[in-house]
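For reference, the structure is listed below as structure tokens.
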Amino acid sequence: MAILLGSIADDYTGASDLANTLTKNGLRTVQTVGIPDPSLALPDVDAVVVSLKIRSVPASDAVTAAASAERWLRQRGAGHVLYKICSTFDSTDAGNIGPVTEALSDAAGGGIVLVTPAFPETGRTVYLGHLFVGGQPLNESPLKDHPLNPMHDANLVRVLTRQSRYAVGLIDLTTITAGPGAIKARLDSLRTAGCTAVIADAIFERDLETLGEVALETPVSTGASGLGLGLARALVRSGRISSGSAPTADAIRPVGGLSAIVAGSCSKATLHQLEVAERSMPVLRLDPERLLAGPDEIAAAISWAGDRISVGPVVIAASAAPETVSRLQSLYGREASGHAIETATSIITTELVERGVRRLVVAGGETSGAAVDRLAIPAFLIGPEIAPGVPVLRTVGNAQGDMLLALKSGNFGGEDFFTAALAMMH
Ligand SMILES: Nc1ncnc2c1ncn2[C@@H]1O[C@H](COP(=O)(O)OP(=O)(O)O)[C@@H](O)[C@H]1O
Ligand SMILES: O=C(O)[C@@H](O)C(=O)COP(=O)(O)O
């Protein structure tokens with residue numbers, strides 16, 4: 001299997017978001033969970049997205065994991081590797097976007113890296129280096145209250161500089177509108193000035209198409225699904241993609257079984273989706289303090305699901321509003337409480353699968369990563385899109401048999417996302 005485009009995603013929802021975008025834009029794509037075992041039979045594809053859970057781990061661990069994935073992708077022919085980050089640039093001053101970007105650039109022989117989290121379809125735009133989420137600057141958006149990576153600065157040149165060893169430049173919209181020649185000239189002068197990464201503005205998909213064309217001539221880029229769209233369209237325009245369109249219908253052949261939704265995202269969109277779900281499905285709100293105190297709350301949740309789940313889908317959620325999250329974090333610490341809750345929701349998820357769940361929605365990036373890891377799912381085929389950034393996924397090589405999943409990024413999806421997702425899974 002020789003691939004044209006490789007990607008390393010820093011979380012699993014982000015990986016499925018990117019895989020969805022690449023598929024929609026004409027690349028046959030598979031999403032692997034980590035570097036797959038050599039015995040795993042993967043389909044013939046144009047692009048592989050390797051999902052890693054490295055957004056909120058120490059920077060040195062993120063660099064090591066990303067470097068191994070990069071080697072694996074290059075060995076399979078990838079001429080370009082996209083480091084898929086969050087469209088809201090989720091990270092802390094200690095990393096990991098800067099260190100991983102620099103390490104991937106070094107591994108490819110140095111050179112300057114284009115960086116943009118713009119994803120216009122979901123309202124993420126970058127102007128003069130400042131990230132907007134819908135109509136709000138990043139630091140005024142709900143991302144200011146993220147449990148693990150609260151974002152307090154919309155100026156991405158500043159944010160990335162704090163995470164980087166070398167200088168970070170800016171390619172503004174005027175230069176991007178002037179076309180690939182102007183961008184390359186600016187990149188050359190920024191490189192001469194000592195920059196190893198540049199934040200690129202992008203507001204419309206046409207900006208990302210221009211950036212994708214330029215990025216494709218370099219070995220590494222860093223961005224969200226918008227840059228994926230630009231790279232995919234540039235590859236298709238180059239005539240190097242033979243298939244033209246990607247088969248997604250086969251990925252949603254019915255799997256039967258029971259269905260469930262597990263949520264650990266505390267994002268504004270997810271909190272509202274849970275409220276809406278309460279009108280049509282049984283929803284269990286877990287008690288976070290009891291989850292941290294021991295296994296009883298997990299056992300109670302499984303028992304609550306009991307007979308209910310044979311009647312219809314159930315929802316189990318740890319999600320809570322920012323004030324509740326802060327209270328828990330002040331008692332147990334930010335990382336410790338996040339990690340303990342992820343472990344708990346992942347155990348609940350596996351217990352539900354043992355009881356026959358085969359159609360599963362998980363809300364939250366870290367939450368999804370923990371659940372998919374515990375289920376030991378090796379890879380996913382990409383099915384149709386439920387909402388921008390969220391496709392139906394079909395497991396590949398799964399020990400429990402085929403399952404359909406949706407890994408929902410916290411902030412994605414309309415208010416009826418959960419029912420919309422389950423309506424596409426049979
Ligand atoms: N009630 C809660 N209090 C504190 N942290 C929580 C609570 N519920 C979930 N979490 C943690 O918040 C984090 C949410 O991150 P994630 O799953 O990536 O969601 P998102 O996609 O919205 O970013 C996880 O680490 C999760 O375990
Ligand atoms: O780019 C995006 O916004 C998503 O693909 C993504 O990575 C979101 O992360 P989570 O909200 O943590 O799921």
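Start at 1 with the first residue, then count along the sequence. Quick caveat: nothing in here was measured; it's all calculated off a predicted structure. Every number for a ligand or one of its atoms is a count from 1 in the order of the listing.
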Q) With a 4.5 Å limit on heavy-atom distance, are the side chains of P391 and I386 in contact? A) no

Q) Hey, mind stepping through E213 and R237 against salt bridge (Lys or Arg N to Asp or Glu O under 4.0 Å) and telling me if it holds? A) CA-CA 9 Å; E213 191 177 321; R237 275 201 309 277; 3.3 Å; yes

Q. Quick one: do E342 and R374 make a salt bridge, cutoff under 4.0 Å?
A. no

Q | Heavy atoms from other residues, nucleotides or ligands near NZ of K268 exceed 12 (cutoff 6.0 Å) | A | no

Q.
If we set the cut-off at 4.0 Å for heavy atoms, which region of T270 has an atom near ligand 1: side chain, backbone, both, or neither?
A. neither

Q) Side chains of S267 and H146: donor-acceptor distance under 3.5 Å anywhere? A) no

Q.
If you define the side chain from C-beta out and look only at heavy atoms, does anything of M151 sit under 4.5 Å from S91?
A. yes

Q: Using heavy-atom distances, let me know which of R327, E289, E366 sits nearest atom 16 (P) of ligand 1.
A: E366

**Q.** Min N/O separation H146 to ligand 1 under 3.5 Å
**A.** yes

Q) Is there a donor-acceptor contact under 3.5 Å linking the side chains of S319 and S265? A) no

Q) Under 3.5 Å between some N or O of ligand 1 and some N or O of G410? A) yes

Q) Nearest protein heavy-atom contact for atom 27 (O) of ligand 1: which residue, which atom, what distance? A) G338 O, 2.8 Å

Q. Which atom pair, heavy atoms only, marks the closest approach of P282 to W304?
A. O-CH2, 3.5 Å

Q. Would D373 and Y12 satisfy side chain to side chain donor-acceptor pair (under 3.5 Å), going step by step from the backbone distance to the final call?
A. CA-CA 10 Å; D373 280 352; Y12 294 19; 2.6 Å; yes

Q) Among L187, V115, L160, L170, whose side chain to side chain contact (heavy atoms under 4.5 Å, CB included) with V198 holds? A) L187

Q. Can you tell me which residue and heavy atom of the protein come closest to atom 3 (N) of ligand 1, and the distance to 0.1 Å?
A. L328 CD2, 3.5 Å

Q.
Can a side-chain donor-acceptor contact be found between S16 and Q31 if the only test is distance below 3.5 angstrom?
A. no

Q. Where the closest heavy atom to atom 14 (C) of ligand 1 is concerned, which of G14, G264, S56 has it?
A. G264

Q | Top protein contact for atom 17 (O) of ligand 1, by heavy-atom distance | A | T367 OG1, 2.6 Å

Q: Using a strict cut-off of 4.0 Å, indicate which atoms of ligand 1 neighbour a heavy atom of P288.
A: 1 (N)

(Q) Tell me whether I341 has any N or O atom under 3.5 angstrom from an N or O of ligand 1. (A) no

Q. Taking the non-hydrogen atoms of T324, is any one of them nearer than 4.0 angstrom to ligand 1?
A. no

Q: Compute the shortest N/O to N/O distance between N411 and ligand 1 and return yes if it is under 3.5 Å, no if not.
A: no

Q) Under a 4.0 Å heavy-atom cut-off, which residues neighbour ligand 2? A) D11, T13, G14, D17, R55, K84, I85, C86, S87, G365, S409, G410, F412

Q | Sub-3.5 Å N/O-N/O distance, S337 and ligand 1 | A | no

Q.
Can you tell me if H339 has over 12 outside heavy atoms packed within less than 6.0 Å of its NE2?
A. no

Q.
Counting non-hydrogen protein atoms only, what is the nearest one to atom 8 (N) of ligand 1? Give residue, atom name and distance.
A. A318 O, 3.3 Å

(Q) For atom 25 (O) of ligand 1, what is the closest protein heavy atom, and at what distance to 0.1 Å? (A) E342 OE2, 2.6 Å

Q) Do any nitrogen or oxygen atoms of K408 lie less than 3.5 angstrom from nitrogen or oxygen atoms of ligand 1? A) no

(Q) Side chains of S225 and D17 only: does a donor on one sit below 3.5 Å from an acceptor on the other? (A) yes

Q) Counting distance only, does the side-chain N/O of T270 pair as donor-acceptor with the main-chain N or O of C266 below 3.5 Å? A) no

